[in-house]
Amino acid sequence: MQSVSAPQAAPLPAPVRPDPVRDRWAAPMRLAMAEAALAPATGDVPVGALVLAPDGEVIGRGHNEREAVGDPTAHAEVVAIRQAAEKTGAWRLGGCTLVVTLEPCTMCAGAIVLSRIDRVVYGALDEKAGAAGSLFDVMRDRRLNHRPEVVWGVLADECGEQLRDFFDTHR
């Protein structure tokens, strides 16, 4: 006589543990992702950025516009920083947070340091050009007079997917 065993239940997925450092930035990152979604209409890479005032109000937003305006400095971070400076009437953005879907490059890291932004929150790593911990770590270089806090990996998979989807259709 052959024994009949009970059907095996599918394993349960591992519970998602709360991340008090990153979870609070998920909603602003989704806004940055919505901003990034505007870039492909002009052939630009979908990167989006927001500058948040100390109270959380969005005072600057931007997406990549290099192709749209023919400006090599028109990265999402720079566009958002310029808008925030214009709105506040000051180049010093102390107390502000920059939320960006992709790790900033060296140019953007320099702009962040020079604008005195207090915190940078980013999604996907940029292993080829990142300057906030992966390839370089410009913003946390002890030799600089200003070093913002860096929070990385917020909705990293979703931010990365947005970029992969773009490049899959442009290769």
Side-chain angles (χ1 to χ4, degrees), residues 12-40 45-65 75-127 129-142 144-166:
L12 295 174
V16 176
R17 293 174 27 163
D19 183 341
V21 173
R22 290 173 184 83
D23 290 350
R24 69 182 283 212
W25 300 109
M29 185 60 75
R30 290 195 193 289
L31 292 175
M33 290 175 67
E35 186 69 28
L38 301 173
V45 175
V47 177
L50 307 173
V51 176
L52 305 176
D55 67 359
E57 175 192 359
V58 177
I59 58 171
R61 61 178 65 234
H63 56 272
N64 277 354
E65 297 181 359
H75 288 205
E77 300 94 314
V78 172
V79 172
I81 289 169
R82 287 178 179 158
Q83 193 177 98
E86 185 175 327
K87 183 163 186 168
T88 63
W91 64 267
R92 288 181 188 90
L93 298 172
C96 294
T97 298
L98 177 82
V99 179
V100 60
T101 59
L102 179 65
E103 179 182 2
C105 69
T106 53
M107 176 186 70
C108 293
I112 291 162
V113 169
L114 293 173
S115 66
R116 307 300 195 270
I117 286 175
D118 280 359
R119 179 182 306 107
V120 176
V121 176
Y122 71 87
L125 288 173
D126 186 348
E127 295 176 2
S134 63
L135 184 60
F136 302 107
D137 203 354
V138 172
M139 291 185 282
R140 291 180 285 201
D141 189 317
R142 291 188 160 301
L144 298 175
N145 65 338
H146 178 74
R147 291 181 301 279
E149 173 189 0
V150 176
V151 178
W152 61 274
V154 176
L155 302 180
D157 292 340
E158 294 170 50
C159 292
E161 184 177 336
Q162 192 175 36
L163 289 159
R164 280 188 300 280
D165 289 348
F166 173 81

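Quick caveat, the model's predicted, so the values are computed rather than measured. Nothing fancy with the numbering, it's 1 onward along the sequence.
With rounding to the nearest 0.5 angstrom, the CG atom of Leu163 is 6.0 Å from the OG1 atom of Thr101. Once rounded to the nearest 0.5 Å, the distance linking CE of Met139 with CG of Asp141 reads 11.5 Å. Here Leu50 contributes atom CG and Leu31 contributes atom CG; the two are 5.5 Å apart, rounded to the nearest 0.5 Å. Taking OG of Ser115 as the reference point, atom CG of Leu98 lies at 8.0 Å (rounded to 0.5 Å). Here Asp19 contributes atom CG and Trp25 contributes atom CH2; the two are 13.0 Å apart, rounded to the nearest 0.5 Å. In this structure, CG in Leu114 is found 9.5 Å from NE2 in His146, a value given to the nearest 0.5 Å.
Residue pairs satisfying the side-chain hydrogen bond (donor to acceptor under 3.5 Å, both in side chains) criterion with at least one member in residues 29-38, sequence neighbours excluded, are listed as follows: Arg30-Glu158, Glu35-His63.
The closest donor-acceptor contact from the side chain of Asn64 to the backbone of Val45 lies under 3.5 Å. Remark: side-chain polar atoms of Gln162 are paired, donor with acceptor, to backbone N or O of Met33 under 3.5 angstrom. Looking at Glu103, its side chain does come within 3.5 Å of a backbone N or O of Ser134 through a donor-acceptor pair. Panel note: side chain Asp118, backbone Gly94; no donor-acceptor pair is recorded below 3.5 Å.
Proximity of Val47 to His75: side-chain heavy atoms (C-beta onward) are nowhere separated by under 4.5 Å. Here the side chains of Ile81 and Ile112 are in contact, with some heavy-atom distance below 4.5 Å. Side-chain contact between Leu38 and Glu65 is absent, with no heavy atoms from C-beta onward closer than 4.5 Å.
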Residues 51-62 side chain polar contacts: donor-acceptor under 3.5 Å, at least two apart:
residue : atom : partner : partner atom : Å
Asp55   : OD1  : Glu57   : N            : 2.9
Glu57   : OE2  : Lys87   : NZ           : 3.2

Run the side-chain donor-acceptor check on residues 147-155: report pairs under 3.5 Å with partners two or more places apart or on a different chain.
residue : atom : partner : partner atom : Å
Arg147  : NH1  : Arg142  : O            : 3.3
Arg147  : NH1  : Leu144  : O            : 3.0
Glu149  : OE1  : Arg119  : NE           : 2.9

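The two residues Ala124 and Cys159 come nearest to each other via the heavy atoms N-CB, 3.9 Å. Residue Ala132 comes nearest to Tyr122 through the heavy atom pair O-OH, 3.2 Å, listed as atom of the first residue, atom of the second, then distance. The shortest heavy-atom contact between Ala156 and Gly123 is CB-O, 3.5 Å. Smallest separation of non-hydrogen atoms from Cys96 and Ile117: O-CG2, 3.4 Å.
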